[in-house]
Every structure is written in C-alpha cells, then in structure tokens.
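All chains are named by letter (A, B, ...) in the order of the sequence lines, taking the proteins before the strands, and each is independently numbered beginning at 1.
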2 protein chains.
Amino acid sequence: MMHPHIKATESELEILNILWREGPVTVRQVHEALSATKEAGYTTTLKLMQIMLEKNLVSRDASRKVHVYTAAIDQGRMKGQIVQRMIDNVFSGSAMQLVMQALGNQRTSPEEIEMIKQYLDEKQNIAGA
Amino acid sequence: MMHPHIKATESELEILNILWREGPVTVRQVHEALSATKEAGYTTTLKLMQIMLEKNLVSRDASRKVHVYTAAIDQGRMKGQIVQRMIDNVFSGSAMQLVMQALGNQRTSPEEIEMIKQYLDEKQNIAGA
DNA sequence: CATGTTCTACGAATCAATTCGTACACAAAT
DNA sequence: ATTTGTGTACGAATTGATTCGTAGAACATG
C-alpha cells in the first residue's frame, strides 16, 4: 500500500492544503500562510509538521539547515477519503444526499450549476455508451 | 438564536443519527443501535448522552425512571453546517468541487444522477424566474 | 421486606490533539 | 570572537473526548 497512515486531523489538513497549494515550503512559509487565517505560534506549527512527518503525511528535505517540506499524500486521494467518510457517517452512504445538501445549502453560482450539469451529462453518456 | 451550541463530535453525531432515525428513545435503545456497528459500554453511551444534554444537543423527558431522549437540533441544519465546514476547510469554499469529488469518487446510480439533474433544473428555474 | 435487575449520576483514568517554553545548533553581521 | 537572528528538537502542560468503575435510587418478583 502506498499510503499506510491515511488520516489527518483538522489542523493537519490545514497544513496539507498549504502544501498542496504552494508546493515544497519551509515551516516559516507554512506558518505565515496559517497566520493569514488564524492565530498560531511558530513552534506549534513546527511541532505539527514534525508529527506529520512521523505519520508520513509529509516528507522533507533536511539536507540544509532550513528544512523543506512536501505533502506525501495525494490530494485527490485524501479528499476522496474524507468525502467518503462523510457520506458514510452523515448521509447513510448516499452521495446524492450529500450533493443535494451541499447545493441546497448555499448559493452556488449559475455557472457552477451549469458545469455540474455538464459533468453529469458526460457521466451519463459514458455510463450509457 | 435557536441553537446556541452547534457542534458535535464524531461519537455525538452517531448518536444524533440514531435519534433522528428512531425518534425519542432510551439510552438502552441507543446503546443497542450503536452496538450493531461498534463496541461500546453502556455507561459510556449514557455519559455521552448526558454530556449532549449539557450541550443542548438533545433534550430528555426525565419524568419517569427511564429517561427518554430526543434530538434537540434539526437534522438538516446540523448536516448543512457540517457540509459547509467541509466545503470551506477542504474545498476552498467551492461547493462544486465537493460535488464533483463526491460523484466522481463513487458509483452513483443513473437514477440518482437523474434526480440530481432535475434538482438542478428546478434550482435554475427558480433562480432565473 | 429481601433480593436481583435496571437504571442514572458522577468522578476519575486514559488517550489524542494542540500549544508552548526552553535548549541548543548554525550562520551572518558587527 | 561575540552578538543577534533564525532554525530544529523535544518535553511538558493543557485541553477535549472518550471510557469505565462504582455507588445508589427505583422497581419488580418471590
């Protein structure tokens, strides 16, 4: 199996999102990105990332003084798992219920709705081909 | 505000799901339902539900010896919040990304896809009216 | 009414996540 | 060479969730 430990806490996910978005980065960069949103101490961020290293959520290049971290798991894979867990735990296994909740819930732009419809059309065509 | 404390842990959500599904129930009934899925001690379940009472996630009728619990928060409201949080935290605020992840992720039946499309049509008509 | 069963209440142990202080390494600048 | 700045490492405190043992109330049954 490629990814032995696949589970991340809320905080770890925040950091992973930064890694996915900004590519290989230092602790300081991550910390700065986090600070944009929330209050956070530098060593707290550092510790979190060290723990994530132990969990193999990230890898790092420690050949220089300033270590450079990279996400060690695939974004799509991780998000897929999260969504699947939510479908199972919250929506009794029905993806449709989740989708409707997500769309009904908030104001999604007409453009986005159009894109989703197109996506569904393609999905139907492939399935029905 | 109707619902002061709106946040539930994973375990609490499991219990809420039972309450929503099975209506007013006793601790024993909840415990039995939980046991179907997972290992759980009776007093553990009891304690959890007592804590949920403090958090106002549930209410109870304690007029008799055996207390009867009811969910104190609306299912749709709670699930909406959970989904919204996931959209914000995991999908940078885009409901569409979540929807596509959810649908791409797993096999959704053609009927369900059809229902979603109809739902989207209605949504468009209302918006465009 | 004595006994066994079923319940609630509650304190305390455990476990995990998070936070932060402190120590020490290294390098650049004075 | 000393000082200053920026890093990593790591132990320990804190906080929150979960688990469970134990005690005592309520009640049914013989």
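- Side chain of A/Gln29 to backbone of A/Thr26: a donor-acceptor contact under 3.5 angstrom is found.
- Rounded to whole angstrom, the span from the CD1 atom of A/Ile51 across to the P atom of D/dA9 amounts to 13 Å.
- Comparing the axis of the opening five pairs of the helix from C/dC1-D/dG30 to C/dT30-D/dA1 with that of the closing five pairs yields an angle of 10°, rounded to 10°.
- Using a distance-only test at 3.5 Å, with no hydrogens or angles considered, a donor-acceptor pair links the side chain of B/Ser109 to the main chain of B/Glu112.
- Counting to the nearest Å, the P atom of D/dG11 and the CD atom of A/Glu54 are 11 Å from each other.
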Any protein N or O atoms within reach of nucleotides 4-6 of chain C? Criterion: under 3.5 Å, listing atom names and distances.
from, atom 1, to, atom 2, distance (Å)
C/dT6, O2, B/Lys65, NZ, 2.5

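- One finds no side-chain N or O of A/Arg60 lying less than 4.0 angstrom from the OP1 or OP2 phosphate oxygen of D/dG7.
- When rounded to the nearest whole Å, the span between NE2 of B/His67 and P of D/dA25 equals 14 Å.
- Rounded to an integer number of Å, the gap from A/Lys47 NZ to D/dT8 P is 14 Å.
- A close approach under 4.0 Å does occur between a side-chain nitrogen or oxygen of A/Ser11 and OP1 or OP2 of C/dT18.
- For the pair A/Lys38 NZ and C/dC20 C1', the computed distance is 14 Å after rounding to whole Å.
- If you check D/dG21, D/dT8, D/dG11 against the side chain of B/Thr43, the one that comes closest is D/dG21.
- D/dA17 atom P lies 12 Å from atom CE of B/Met52, rounded to whole Å.
- Heavy atoms from other residues, nucleotides or ligands lying under 6.0 Å from CZ of A/Arg21 number more than 12.
- Taking only side-chain nitrogens and oxygens, A/Tyr42 comes nearer than 4.0 Å to OP1 or OP2 of D/dT8.
- With hydrogens and angles disregarded, no donor-acceptor distance shorter than 3.5 Å links the side chain of B/Thr44 to the backbone of B/Ala40.
- Side chain to side chain, A/Asn89 and B/Glu10 meet the donor-acceptor criterion of an N or O pair below 3.5 Å.
- Under the side-chain contact (heavy atoms from CB on, under 4.5 Å) rule, A/Val58 has a single partner from A/Ile73, A/Leu53, A/Ile51, A/Ile15, which is A/Leu53.
- Between B/Gln50 and C/dA9, a side-chain N or O to OP1/OP2 separation shorter than 4.0 Å is present.
- Taking all atoms of both residues into account, the shortest heavy-atom contact from B/Ala95 to A/Ala102 is CB-O, 4.2 Å.
- The distance from atom NZ of A/Lys7 to atom C1' of C/dA16 is 11 Å, rounded to the nearest whole Å.
- When each of D/dA12, D/dT8, D/dT18 is scored by its nearest atom to the side-chain atoms of B/Leu48, the top-ranked nucleotide is D/dT18.
- Along DNA chain C, the nucleotide nearest B/Leu46 and the nucleotide nearest A/Glu10 are compared for position; the residue whose nucleotide lies closer to the 5' end is B/Leu46.
- Rounded to an integer number of Å, the gap from A/Met49 CE to D/dA9 P is 12 Å.
- Remark: the backbone N or O of A/Val90 is paired with a side-chain donor or acceptor of B/Lys79 at under 3.5 angstrom.
- Close to D/dT18, at under 4.0 Å from its OP1 or OP2, lies a side-chain N or O of B/Thr9.
- Side-chain atoms of B/Ser94 come within 3.5 Å of backbone atoms of B/Gln97 as a donor-acceptor pair (strictly under, hydrogens ignored).
- Salt bridge present: B/Lys55 and B/Glu12 bring a charged side-chain N and a carboxylate O closer than 4.0 Å.
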